[in-house]
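Side chains included, hydrogens not; waters and symmetry mates left out as well; all remaining heavy atoms used. Since this is a predicted model, take the numbers as computed values, not measurements.
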Amino acid sequence: MGRGESQGRPSEARSRLLDTATRIFYGEGIHSVGIDRIVAEAQVTRATLYRHFPGKEDLVLAYLSQVDEAMRGQVTRAADSGLPAADTIRALGESIAQGIQSPGFRGCAFLNAVAEYPDPDHPAHRAVLAHRQWFLDTVTELLSRIQEAQAEAAARHFVMLRDGAMAAGCLFDPTLVCDTFLRGVEGLLRAHTASSPAEPSDA
């Protein structure tokens, strides 16, 4: 393999492999898809695949990393909008709702993946947990701008609302699911804005 090839075509081949794996893993599941299918649809050789991804696990981790980067971009766009924190949370909710109503939606890629990798020591499982911790921390920080008290509890509530909407969006009318989700977000924001630190007890 020459230097021109290592700096040129393989990066294009890697992108094709990863894009193909992302589409199939998300649409059909990870364990149900073999390397031969990915190689055939990406139109590369097995040697090319193994040059970029030594094993299927490496491809799975790259897939999760790519989805993670997309989600971080989604959240960053909402957070960098210059809106007040409450409106930023609303914008994030709207973005999630748009994803649920998009063609080909099949739930949360991370929840789908962790169901296939239940072993907490597996790298894919750890990648899912790392992503979810980042998301929780990010929402907590946004909600703390509204009110610091109970921000993490409110963020966990938001994440649970999102998880429920992601699951229901695959099973029921996504428009109705998203309407319920967004009303839940509004209720959460009202409750968090109105909440205050508990007064110390005289007892």
Heavy-atom pair with the smallest gap, counting every atom of [X] and [Y]:
| X | Y | result |
| --- | --- | --- |
| Ala85 | Arg145 | CB-CB, 3.7 Å |
| Ala113 | Ile30 | CB-CD1, 4.1 Å |
| Pro174 | Gly169 | CB-O, 4.3 Å |
| Cys178 | Ala97 | SG-O, 3.4 Å |
| Arg162 | Cys108 | NH2-SG, 3.5 Å |

Can you check whether [X] reaches [Y] side chain to side chain, under 4.5 Å on heavy atoms?
| X | Y | value |
| --- | --- | --- |
| Arg132 | Leu111 | yes |
| Gln147 | Thr193 | no |
| Leu143 | Leu189 | yes |
| Arg90 | Asp87 | yes |
| Asp137 | Gln133 | yes |
| Leu92 | Val139 | yes |
| Arg14 | Thr48 | no |

Just to verify, what does Ala124 make a side chain to side chain contact (heavy atoms under 4.5 Å, CB included) with, not counting sequence neighbours?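 Scan of Ala124 (side chain to side chain contact (heavy atoms under 4.5 Å, CB included), adjacent residues dropped) gives Val60, Leu61, Leu64, Tyr117, His122.
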
Would you check if the side chain of [X] reaches a backbone N or O of [Y] as a donor-acceptor pair within less than 3.5 Å?
| X | Y | value |
| --- | --- | --- |
| Ser102 | Phe105 | no |
| Thr22 | Leu18 | yes |
| Gln150 | His192 | no |
| Ser144 | Glu141 | yes |

What's the separation between atom [atom1] in [X] and atom [atom2] in [Y], rounded to the nearest 0.5 Å?
| X | Y | atom1 | atom2 | answer |
| --- | --- | --- | --- | --- |
| Leu49 | Ile35 | CG | CD1 | 5.0 Å |
| Tyr63 | Arg23 | OH | CZ | 12.5 Å |
| Arg46 | Ile38 | CZ | CD1 | 10.0 Å |
| Gln66 | Glu69 | CD | CD | 7.0 Å |
| Thr45 | Arg51 | OG1 | CZ | 6.5 Å |
| Phe158 | Ile96 | CZ | CD1 | 4.0 Å |

Tell me, yes or no, whether the heavy-atom count around Glu28 atom CD, taken from other residues, nucleotides or ligands under 6.0 Å, exceeds 12.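 Counting other residues, nucleotides and ligands, CD of Glu28 exceeds 12 neighbours.
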
Under a 4.5 Å side-chain heavy-atom rule over Ile, Leu, Val, Met, Phe, Trp and Tyr, are [X] and [Y] clustered together?
| X | Y | result |
| --- | --- | --- |
| Val177 | Val185 | no |
| Tyr50 | Phe25 | yes |
| Val159 | Trp134 | yes |

Any salt bridge between [X] and [Y], counting N to O under 4.0 Å?
| X | Y | result |
| --- | --- | --- |
| Asp121 | Arg126 | no |
| Arg183 | Asp179 | yes |
| Asp19 | Arg16 | no |
| Glu152 | Arg156 | yes |

Does a donor on one side chain and an acceptor on the other come within less than 3.5 Å for Asn112 and Glu116?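 Looking only at side-chain atoms, Glu116 and Asn112 do not form any donor-acceptor pair under 3.5 Å.
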
Check the orientation of Phe135 and His131. Use parallel for under 30°, tilted for 30 to 60°, and perpendicular for over 60°.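 Judged by the thresholds at 30° and 60°, the geometry between Phe135 and His131 is parallel.
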
